[in-house]
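I have placed the structure first, in the form of structure tokens, so that the comments after it can refer back to it.
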Amino acid sequence: MFIYAANWKMNMSFDKAIGFCGENYEDFVAISGLKDKKIVLFPEFTQIKSIHDIFKDTKISIGAQDCSVNEPGAFTGQVSVESLAQIGCIYCIIGHSEVREYIRETPEELAVKILRLSDSKITPIFCVGEFLQDFLGKKYDIVIREQLEAVFELIAGYCDIDFYIAYEPVYSIGTGMMPEICHVEEVFDLILQVACKFKLDNKIKLMYGGSVDEKNVQNFKKIKNLSGFLIGSASLDFKKFKKIVEL
Ligand code: PGA
């Protein structure tokens, strides 16, 4: 199953998102029925329940863009994994570079999020990726290894659910700057190698994210061991998103 994860970020207001789903409902249903393809929408927290209800009789799945690391309690402004599960979320992105930038999560917090999601049967999509200076300074392998090892060592043996690692070079997000296919493949090999060290290689699948659009998707599809795309900007334009899924 190849996954197309539409990360809408905070781009659509509640009314706009509901309108977007309504206007494109028939086409959403049609592309979600394509063989071996899975569509997951990641709206804002406030929209999850309504969008889940709109698509409840279809194959479209809904996910969250993040979750709290905490159990329900006095945590003003946070959203619990427990609530996400109750409103129909079956995927959750964690460690996205935009979130890392604002809340500076530690590897321990990311590990706890993975374990909490696993307990609630929500599939984590754990994002990793280097900054441009790491890439140019040829330090990307050290950076990515560190991002993975620090989390893997805390979840190995405890995580019951299969999950995704999304490789997203930070400089490719929303910029149109695309890495070479061979670079993505090299990073994928590294991810698998690190996962193997922690006996997690059978639990993970690999995704790519960063400037995927309807023009470059066929090229990106050549990436070895690829199981999905995390799509930001292009998922906000239904025609582009549909083309990406259909191609
Ligand atoms: P982009 O975003 O497709 O706009 O580059 C990807 C992401 O942030 O997941």
Side-chain angles (χ1 to χ4, degrees), residues 2-12 16-17 20 31 37-45 47-48 51 60-67 89-105 110 113-114 117 122-132 134-135 140 143-144 147-148 163-181 183-184 187-188 191 204-223 226-247:
F2 196 92
I3 181 170
Y4 295 86
N7 180 10
W8 291 349
K9 310 189 180 183
M10 204 182 70
N11 285 295
M12 288 201 256
K16 204 165 168 196
F20 186 79
I31 55 173
K37 298 188 178 191
K38 169 108 213 123
I39 292 176
V40 189
L41 305 178
F42 293 83
E44 271 184 32
F45 287 129
Q47 304 160 7
I48 291 174
I51 294 179
I60 304 236
S61 298
I62 311 296
Q65 298 172 15
D66 194 18
C67 62
C89 263
I90 54 169
Y91 292 85
C92 184
I93 298 170
I94 59 158
H96 189 284
S97 58
E98 285 154 12
V99 179
R100 286 183 193 255
E101 191 183 333
Y102 305 131
I103 67 171
R104 305 213 176 276
E105 298 159 298
L110 288 166
K113 286 185 179 184
I114 293 181
L117 291 166
I122 296 179
T123 302
I125 298 180
F126 172 35
C127 302
V128 296
E130 79 277 21
F131 285 96
L132 186 59
D134 306 320
F135 173 71
Y140 54 91
V143 171
I144 292 164
Q147 289 175 349
L148 294 167
F163 62 103
Y164 288 89
I165 306 288
Y167 170 52
E168 297 204 301
V170 180
Y171 47 93
S172 291
I173 296 177
T175 60
M177 233 176 116
M178 291 169 292
E180 299 282 344
I181 299 297
H183 174 67
V184 180
V187 172
F188 274 18
I191 296 172
I204 62 160
K205 290 206 181 74
L206 303 173
M207 295 172 74
Y208 170 78
S211 293
V212 174
D213 65 23
E214 76 292 0
K215 296 191 199 91
N216 59 32
V217 64
Q218 269 172 318
N219 193 33
F220 278 131
K221 274 214 140 180
K222 294 181 196 147
I223 300 167
L226 181 73
S227 294
F229 289 125
L230 192 47
I231 308 157
S233 327
S235 70
L236 301 169
D237 177 329
F238 187 76
K239 281 199 189 117
K240 288 187 182 172
F241 184 65
K242 182 167 176 267
K243 246 193 191 153
I244 292 173
V245 177
E246 284 173 343
L247 277 169

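Side chains are part of it too, since the values below use all heavy atoms of this structure and drop only hydrogens, waters and symmetry mates. Counting convention: from 1, in listed order, for ligands and their atoms alike. We number each residue from 1, following the sequence as shown. All values reported here derive from a predicted model rather than from experimental measurement.
- Any N or O atom pair closer than 3.5 Å counts here, and K9 shares at least one such pair with ligand 1.
- Neither the backbone nor the side chain of C127 has any atom closer than 4.0 Å to an atom of ligand 1 (non-hydrogen atoms only).
- Each of the following atoms of ligand 1 lies closer than 4.0 Å to a heavy atom of S172: 5 (O).
- Considering backbone and side-chain atoms together, L230 places no N or O closer than 3.5 Å to any N or O of ligand 1.
- Centroid-to-centroid, the aromatic rings of Y208 and F220 come within less than 6.0 Å.
- Using the six-membered ring where Trp is involved, F135 and Y140 have ring planes that are tilted, between 30° and 60° apart.
- In this structure, the side chain of D237 does not engage the main chain of A234 through any donor-acceptor pair within 3.5 Å.
- Considering backbone and side-chain N/O atoms, E98 never comes within less than 3.5 Å of an N/O atom of ligand 1.
- The distance from ligand 1 to the heavy atoms of S233 drops below 4.0 Å at these ligand atoms: 1 (P), 3 (O), 4 (O).
- Ion pairing between a basic and an acidic side chain is recognised when a charged N comes within 4.0 Å of a carboxylate O; E105 and R100 show no such pairing.
- Which parts of ligand 1 touch H96 is read off a 4.0 Å heavy-atom cut-off, strictly below it: atoms 7 (C), 8 (O), 9 (O).
- For atom 3 (O) of ligand 1, the closest non-hydrogen atom of the protein is G232 N, 2.8 Å.
- Remark: distances from the non-hydrogen atoms of A166 to ligand 1 are all 4.0 Å or more.
- Ligand 1 is approached by S211 to a heavy-atom distance shorter than 4.0 Å.
- Side chain of S235 to main chain of A6: no donor-acceptor pair is present (N/O by atom type, distance under 3.5 Å, no hydrogens or angles).
- At a 4.0 Å heavy-atom cut-off, ligand 1 touches I173 through backbone and side chain alike.
- The ligand atoms of ligand 1 that sit less than 4.0 angstrom from a heavy atom of N7 are 9 (O).
- By the 4.0 Å heavy-atom criterion, G174 is counted among the residues contacting ligand 1.
- Using a 4.0 Å cut-off between charged side-chain N and carboxylate O, K243 and D213 make no salt bridge.
- Residue contact check: G210 has heavy atoms under 4.0 Å from atoms 5 (O) of ligand 1.
- Within 6.0 Å of CZ on F131 lie no more than 12 heavy atoms contributed by other residues, nucleotides or ligands.
- Where the criterion is an N or O separation shorter than 3.5 Å, residue side chain and backbone included, I231 fails it with respect to ligand 1.
- Residue-ligand proximity, E168 to ligand 1, at heavy-atom distances under 4.0 Å covers atoms 6 (C), 7 (C), 8 (O), 9 (O).
- Judged purely by distance below 3.5 Å, without hydrogens or angles, the side chains of Y167 and H183 pair a donor atom with an acceptor atom.
- In this structure, Y91 and Y164 have tilted ring planes: the angle between them lies in the 30° to 60° band.
- Remark: K38 NZ is packed, more than 12 non-hydrogen atoms of other residues, nucleotides or ligands lying under 6.0 Å away.
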